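Heads up, the thing below is written out as structure tokens.
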Number of protein chains: 2
Amino acid sequence: MSVDFFVSFVQVFGLPKSIGQIYGLLFVSAEPLPMDDIVSQLGISKGSASQGLALLKSLGAVTSQTIPADRREHFEADLNVSRIVTHFFENRLQPRLEHGDRRLEEMMELARTAKREKKGDGAAAVLTRIQALQKWQKRGRNLIPMVVRWLKR
Amino acid sequence: MSVDFFVSFVQVFGLPKSIGQIYGLLFVSAEPLPMDDIVSQLGISKGSASQGLALLKSLGAVTSQTIPADRREHFEADLNVSRIVTHFFENRLQPRLEHGDRRLEEMMELARTAKREKKGDGAAAVLTRIQALQKWQKRGRNLIPMVVRWLKR
DNA sequence: AACTTCGTTCAAATCAAAATGAACAAACCG
DNA sequence: CGGTTTGTTCATTTTGATTTGAACGAAGTT
């Protein structure tokens with residue numbers, strides 16, 4: 001099917017398959033579609049469609065339009081693919097890296113105590129390793145805004 | 001626990017929890033550990049440990065050492081964290097992007113036929129969208145080697 | 001050769017994420 | 001109002017990924 005491309009794309013970013021299917025269908029469709037078309041064309045449930053569209057709207061990846069003489073919401077793909085990617089970086093990666101900071105600090109503390117108590121050379125080596133990790137952590141955090149900026153133009 | 005940091009880290013890259021636990025334990029341990037220590041300290045099964053270590057070795061993220069008068073393999077974390085990240089980019093992202101090329105081409109073909117048949121302006125618009133996608137695809141493929149290079153120093 | 005220790009493999013169990021669909025709420029229409 | 005259409009919610013089911021542990025093989029020891 002022609003939405004396969006989108007399915008595999010969103011999955012790289014940890015989003016469920018149905019999101020890819022819906023976005024793909026809308027991307028490829030010449031005019032905006034109501035929810036029941038999405039349900040019937042993709043063969044997914046009303047629930048999935050509703051939830052999927054809600055997420056895609058929240059990402060700004062689809063928008064809804066009003067069509068004259070039709071009460072139903074009609075959905076359209078926003079061509080701005082970068083929103084999905086940006087969402088991944090900012091909502092999935094960024095928070096984890098930040099949470100990681102605190103935990104690294106805790107590890108550091110543990111290692112320092114261990115070193116003081118055991119005075120082993122091994123413990124000192126561990127301390128050095130953790131410091132190296134912290135550098136990496138910082139490096140990663142710097143990379144993200146760079147990538148996001150690059151994707152945005 | 002102090003390996004939490006690593007668990008959450010590897011999960012960003014779609015690797016199982018046990019991988020993070022094992023790598024974390026080795027990272028934090030002052031000297032190389034045999035498999036049964038890993039099993040008992042983390043409370044995971046022999047199977048998990050064996051499989052996890054095999055994967056980590058294949059990534060080059062851990063190495064094994066021989067310790068005199070001990071038959072068992074002893075494992076040590078390779079500090080080179082970038083291997084895990086590089087592995088993610090090269091084995092998980094890259095192939096998908098490449099496979100995507102072919103599927104995009106198929107979509108393009110479908111869209112061209114649709115345009116010829118229906119001659120609708122909608123169909124032409126779809127064609128344009130897909131072309132835009134192809135640009136993005138190329139852009140993404142260029143980004144990866146950049147990131148990898150940046151991470152490697 | 002029989003026995004132990006170390007490690008791998010793989011079918012089955014477990015667990016978590018996603019999809020389903022029935023029940024519900026809101027908007028519209030006669 | 002009663003009836004219909006549209007869309008959301010959420011408890012249950014399904015599905016896929018991870019983990020387990022029993023069985024096995026390889027190597028070492030007596």
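Since the model is a prediction, treat every value here as computed from it, not as a measurement. A note on names: the letters A, B, ... follow the listed sequences, proteins ahead of strands, and every chain is numbered from 1.
- Not counting sequence neighbours, the partners of A:E109 by the side chain to side chain donor-acceptor pair (under 3.5 Å) test are A:R112.
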Point to revise | Derivation of the side-chain contact (heavy atoms from CB on, under 4.5 Å) call for A:I22 and A:F75 | key: CA-CA 10 Å; A:I22 296 171; A:F75 299 93; over 6 Å; no
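- Between A:F6 and A:Y23, the ring-plane angle classifies as perpendicular under the 30° and 60° cut-offs.
- Residues from residues 28-35 of chain B placing a heavy atom under 4.0 Å of any atom in DNA chain D do not occur.
- Aromatic ring orientation, A:F9 versus A:F13: perpendicular (interplanar angle above 60°, classes split at 30° and 60°).
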Review point. Run the side-chain contact (heavy atoms from CB on, under 4.5 Å) check on B:N142 and B:M146 step by step: do they pass?
Key: CA-CA 7 Å; B:N142 292 341; B:M146 275 177 49; 5.7 Å; no
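- A:L110 and B:V7 end up in different hydrophobic clusters when Ile, Leu, Val, Met, Phe, Trp and Tyr side chains are linked at under 4.5 Å.
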Under 3.5 Å, which donor-acceptor pairs do the side chains of residues 49-59 of chain A form with other protein atoms, sequence neighbours left out?
unit_1: A:K57; atom_1: NZ; unit_2: A:E73; atom_2: OE2; d: 3.0
unit_1: A:S58; atom_1: OG; unit_2: A:L55; atom_2: O; d: 2.7

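- The CD1-C1' distance, from A:I22 to D:dG7, rounds to 13 Å in whole Å.
- Counting to the nearest Å, the C1' atom of C:dG7 and the CG atom of B:D37 are 15 Å from each other.
- Of all heavy-atom pairs between B:M108 and B:I130, the closest is SD-CG2, 3.3 Å.
- A:V39 is not connected to A:V3 by any chain of hydrophobic side-chain contacts under 4.5 Å among Ile, Leu, Val, Met, Phe, Trp and Tyr, and they are in different clusters.
- In this structure, CG of A:L53 is placed 8 Å from P of D:dT8, rounded to the nearest angstrom.
- Atom CZ in A:R72 sits about 17 Å away from atom C1' in D:dT8, given to the nearest Å.
- Heavy-atom minimum distance, B:S2 versus A:M107: O-SD, 3.3 Å.
- What separates CD of B:E73 from C1' of C:dT5 is a distance of 14 Å, to the nearest Å.
- The distance between atom CD1 of B:I67 and atom C1' of C:dC6, rounded to the nearest whole Å, is 16 Å.
- The salt bridge (charged side-chain N to carboxylate O under 4.0 Å, His left out) analysis of residues 27-50 of chain B, with sequence neighbours excluded, yields the pairs B:D36-B:R72.
- Stem analysis of DNA chain D (Watson-Crick or G-U pairs, both distances under 3.5 Å, runs of at least three) returns C:1-30 with D:1-30.
- Rounded to a whole Å, the CG atom of B:L56 is 13 Å from the P atom of C:dT8.
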Practice item. Could you encode protein contacts along nucleotides 13-30 of chain D as a string, one character per nucleotide from 5' to 3', using B for base contact, S for sugar-phosphate-only contact and - for no contact, with a heavy-atom cut-off of under 4.0 Å? Key: -----SBBB-B----S--
